[in-house]
Amino acid sequence: MPVLLDDLDLSANAVAQKAVDPKFFSSKLTGNGKKIGLLNESLLPINTATNTAYAKATDIEVKQSSTQHDITTTSIPLAPITRRALNAGGSFTLPSPHSDDRFAVDTSSNRFDDWNVAFDMTPQALVLYEDKSGGTSTRDLVIQYRMELYFFKMGLLEPERATAVAPAAGYGNHNASVFVQWDTSPLDNARVFVQDVLASAGLTASNLDDEFDEWMRQYPIYERITRLAQIWDSETIADEVCRYIQDMPARPTEEQLNMLAIQLRYLENYNVPLEAYRQIHKRVDATFSDPVATQLSKQNLSLLMNHTLDHLEQMKAQLVVPAQPATPPVLPAHLSKQQLDALTTHEPLVMTQAGAGTGKSTVILQRIKYLEACGVPASDITVLSFTNAAADNITEKNPDVGSMTIAKMIIDIYSMNHPRHKVSAIDTIINSIDIFYPNSQFAATFRHRLLELDQNRTGAFTALNTFVESHFDEVISLLDRIEQTSLELQIIICYQKIDDMAEPAHVQSKYLIIDEVQDNSVFEFIYVLKYITKHAQSLFIVGDASQTLYEFRSANPRALNTLEGSGVFATFKLTTNYRSNQEILDFANVVLGGLETNQIANIQLQANSLAMPTADSFQGKVILEYREVARLTGFVTQDLPAIVRNTVIPDYVDKCLDRGEQVAFLAFSRREVSLIQDVLQKRYPGRHVASLVSDRVYATDIFSKYIKFFWNDVLQAPPTNAAFVVSQGIKDNMDKLTKNAAKDSVEKAILRTISEWWIENSTTISDWVILCHQGALTHEAFFDQLRDNLISFEIQRNQQKLNINKQKNQERKRKNLESKADLVVSTIHGAKGLEFDNAVVLYKEDTKMTQDTKRMFYVAFTRAMQSEYVLGYGTVRNPPIQSSYEQIVTALTERDKRNAARALGIDPDLLDEDDSAAPGSTDDRSAVTAAV
């Protein structure tokens, strides 16, 4: 039986987990409004930096960083509504500031003054400049403020919101009006702004000197930014956006709709709560016609997910469902009721929320058998997995079932419709656009969209999707010309033309099953939902949002929550863990309890065992060692190897090995894993230390970049010398073609690639030269063919490297797992889906730990079957992980006492009473203590 989280007093941890502060916007916003940090108490609303006109004049709508000449500029939006949206015209409103926040402007000396006037400010956005050009790092923070001057009609109840108006429009048409202006130095300029607005109204103020200056100097910048973070992190963000939509005129202009589209895309800067998106989507759907609502939903992937779900729900009754089996199939006796309920359902849309170790693979395999027992041919079933290895496993056990990754399915559909397009790296595509379309404005815009995507800019995928939709024929024409595509472009194009694209027979099915669904990108979710709608298929998905680890690949843990919270899917939960003992799961449940992704699923793992954990068994099977350090930097390189060698190995690892059990070491980074592996290999020279860390492979764009910048040099040479000019030109310009040209390994790799190109293509190029000499091939055609040959080689070589590396990594991982090595090292990402006898987890404590980091450690804490050793380190004294551990021990100790009392025939409730109120209780307590 697990320790119930309700039995633990984790309030201190909960506060740490739920606290929202300026770091919500960026980890660079250090400080807490006190003496130190970027947002310290001496920070005033004044711009003291130089050359920062950009921060004042620009509509900062995307969170992004760029570096030029050792100066990094980071733009961070803050306010929930964009500056452009408020400037677009129309009667938009702003919340009336609380009386404790605003500055009351005294206009009482004016005759016939019927208005209460107040001033306030809201941080709209900020720009952080980090200058490392001088050898030392300096930082300048420039905040863009929305200055607000409010007019409230006297004698009326003050409304919750005021209408934004332009100074020329006056304020008399509304009971509450607000004039807005943006500035980066309101301490210098706000007074003039207020005076100018008052003057336009024929008013003056008597308290805009020292009193106003003092209010400005006391303005709580840290607190105001914190409030904005709280808006973004709650459903209040939906209130703001919905009100903006509500304030729009009944027949908005195209410009106003464009501003709303920008506003909806703006939301992608931060993790907006699931329920907020539902509210916004409902408001959009209720306000606009279907075509307009559809276009607006496409401006934000989470809104598009909700929109697609709505359409799927409307045709739910048309989706295929399996017939009831003629005779009930015989199912394995070891299946739990939870598993049976999920795999035997006849609902058309099914989601199974499966906690770590709860038998996801078993459910999928048995679901296939159940469908077959219902008369469904195996050829009508397709399973989509996240990895090729998982897909191969399905094929091995069910050869007639379609099995592939979602990426493979999309590649195959795309290739059937665009067979000339080769999958290429985005860098090569961008270079090719520059080569073939040097003067096209359309191509330049398309290139910019691809570059934003390659740089992982906020909202880049959404922007690329809408661009492709608006210029579909031109995009396809361009891709036809360069004969390239990318994985991202493939899914966008397949999505845009889903109703028209031909599909290979092997991807077609009636029953679609998706494994590890949480690791797919949001757009893959959207594509699958639209695909299901098109084919009226049944969909059965299995996943665990709390195990989402691939956000860097555009996976979004909230996507699975969106599906469950929509009510469109029949949902089932798997909470019985078949991997770990309850002691390990008790510890993992505490981590799981702090995950936002578990708020809807509400999973608490329970071991498939009747053994009752005790305080002693918990401390024996889950060991926590926490090292408080003065500084985080240096711990891994300086302290970690010695701690593993002198403490972890003798106190824990040796004992596991003596029992004949395996030990896995799990850490976040490759560097940490490498250091641990080195210690283990030196300590155990006779044992195999298996590494599950995959090798990395990097795409090259050396040829296409050379063509882009230096092709003129080649054109000056005769065809006979052209190949030599290319080879020598790349060698001579290596520093301009790659950032790491100074590294010997990079230079050797480039020289090797050039040599391989010549070996593979020398015969072909020599034949072209001969044709030139014979007059059968013009010089222009020769150089075009040489150029195309170089680009084609680059594309082909990148794909070969990727495939070979993938195969090598899979094979090495398979061999290492099959060898059942005594010692295993892995990143936590690499260990996902695996299990080990025992595990050592390197854990970095952070009281403001992000949700993705918490999910990562939840995965790490659920890999061990027998025991785990958590080696924690951090600058915090008595950190949350330590207090959580102690709370579990305390709860188990109390439970042990109560169980011991019951065994002695003593009412355990008496143990909670005062000795004086329970005669004889001292002896009872002694007996219980002795029993424990």
Side-chain angles (χ1 to χ4, degrees), residues 10 12-30 63 229 232-233 270-271 273 355-356 456 518-519 543-561 587-599 601 603 624-629 631-633 635-636 640 665-673 676 693 826-833 839-864 868-876 878-885:
L10 299 174
N13 296 349
V15 170
Q17 290 164 354
K18 294 178 182 178
V20 179
D21 60 25
K23 285 194 174 184
F24 171 88
F25 296 113
S26 171
S27 60
K28 294 182 178 183
L29 296 182
T30 58
K63 180 183 176 183
W232 279 96
D233 195 47
Y270 305 109
N271 279 329
N456 200 27
Q518 75 279 351
D519 290 326
D544 179 7
S546 296
Q547 293 190 70
T548 304
L549 295 186
Y550 294 95
E551 285 185 271
F552 59 92
R553 294 179 186 169
S554 300
N556 188 331
R558 296 188 180 189
L560 197 58
N561 290 151
F587 189 65
N589 281 337
V590 172
V591 178
L592 185 59
L595 290 175
E596 293 176 356
T597 46
N598 197 43
Q599 290 174 356
I603 289 174
L624 172 65
E625 180 185 356
Y626 177 75
R627 299 289 182 106
E628 183 184 347
V629 296
R631 296 171 57 195
L632 292 176
T633 55
F635 172 83
V636 171
L640 178 61
F665 283 77
L666 309 178
F668 169 68
S669 71
R670 292 167 175 262
R671 183 187 186 195
E672 294 164 346
V673 172
I676 293 170
V693 179
S826 177
T827 60
I828 297 173
H829 285 78
K832 188 172 180 291
V840 177
V841 180
L842 182 63
Y843 176 89
K844 183 169 77 170
E845 181 58 85
D846 183 356
T847 54
K848 300 185 186 303
M849 188 178 293
T850 59
Q851 287 290 314
D852 59 327
T853 304
K854 289 178 184 178
R855 291 195 302 273
M856 179 186 68
F857 284 120
Y858 165 63
V859 169
F861 294 155
T862 53
R863 298 306 97 195
E868 63 188 16
Y869 187 111
V870 180
L871 175 58
Y873 69 98
T875 58
V876 184
N878 190 29
I881 193 171
Q882 195 169 42
S883 57
S884 296
Y885 185 92

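Remember, it's a predicted structure, so these values are computed and weren't measured experimentally. Just so you know, these numbers use all the heavy atoms, side chains as well, and skip hydrogens, waters and symmetry mates. Heads up: numbering here begins at 1 and tracks the sequence.
Each of F861, F857, Y843 was scored for a ring pair (Phe, Tyr, Trp, His ring centres under 6.0 Å) with F587, with one residue passing: F861.
Counting all heavy atoms, side chain and backbone alike, L871 lies closest to L640 at CD2-CD1, 3.8 Å. Nearest approach of L632 to T875, heavy atoms of both residues: CG-CG2, 4.0 Å. Of all heavy-atom pairs spanning E868 and A860, the tightest one is OE1-O, 4.4 Å. The minimum heavy-atom distance between L666 and R863, with the atom names listed, is CD1-CG, 3.7 Å. Taking all atoms of both residues into account, the shortest heavy-atom contact from Y858 to A588 is CD1-O, 4.0 Å. Considering all non-hydrogen atoms of both residues, V20 and D233 come closest at CG2-OD2, 3.2 Å.
Using a 4.5 Å cut-off on side-chain heavy atoms (C-beta onward), D846 and T853 make no contact. A heavy-atom distance below 4.5 Å is found between the side chains of L842 and Y873.
Donor-acceptor pairing under 3.5 Å is recorded for the side chains of E625 and Y869. No hydrogens or angles considered: nothing links the side chains of R671 and S669 as a donor-acceptor pair under 3.5 Å.
Taking CD of E628 as the reference point, atom CG of N878 lies at 9.5 Å (rounded to 0.5 Å). Atom CD in E845 sits 15.5 Å away from atom CZ in R627 (nearest 0.5 Å). To the nearest 0.5 Å, atom CD1 of residue I828 and atom CZ of residue R855 are 13.0 Å apart. K844 NZ to E672 CD: the interatomic distance, rounded to the nearest 0.5 Å, is 7.5 Å.
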### Query
Going through the distances and angles, do M856 and F668 end up as a side-chain contact (heavy atoms from CB on, under 4.5 Å)?
CA-CA 8 Å; M856 179 186 68; F668 169 68; 3.1 Å; yes

### Task
Evaluate the side-chain contact (heavy atoms from CB on, under 4.5 Å) criterion for residues N271 and Q851: first the C-alpha distance (whole Å), next the side-chain angles of each, then the deciding distance (0.1 Å), finally the verdict.
CA-CA 11 Å; N271 279 329; Q851 287 290 314; over 6 Å; no

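A donor-acceptor pair is defined here as one N or O able to donate and one able to accept, closer than 3.5 Å; such a pair exists between the side chain of T862 and the backbone of V859. Panel note: side chain Q518, backbone D544; a donor-acceptor pair is recorded below 3.5 Å.
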